[in-house]
Amino acid sequence: MPISATDFLKKHGYDEEEKGDHSLQHNAKEHAKHLKKPHAGTPHDWEDWERYKLEHPDEVEDDDTNEK
C-alpha cells in the first residue's frame, strides 16, 4: 500500500514547518508595529497621521522612499 509524502515525512520525524499566523489580529498588530504613511483616507485620517508623526517621530518608518 503506498504511503503519502506527508505520512512518510511524519513517520521519519520530519514534521511540517509551522505555518505563519495570518489572522486579522496578527496582521493588525504587525501593521501597528510598522507605521507608514497612509495611501488613502479621509482628511481626518491625514490630520491624525501628521499629528502622530510629530508626537512620535521614532515610531514611524521613513515615508520619503517613493517621493521624488
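Keep in mind the model is a prediction, meaning the values are calculated, not measured.
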Residue set satisfying side chain to side chain contact (heavy atoms under 4.5 Å, CB included) with Phe8, at least two apart, ordered chain then number -> Ile3, His12
Tightest non-hydrogen contact, residues His22 and Asn27, listed as O-ND2, 3.6 Å
Given the options Gln25, His26, His31, Lys29 meets side-chain contact (heavy atoms from CB on, under 4.5 Å) only with Gln25
Distance col, row Lys36:NZ vs Trp49:CH2, nearest 0.5 angstrom, shows 10.0 Å
Check your understanding: Take atom CG in Leu24; do more than 12 heavy atoms of anything else shown fall under 6.0 Å from it?
Key -> no
Charged N-O contact under 4.0 Å between Arg51 and Asp48
yes
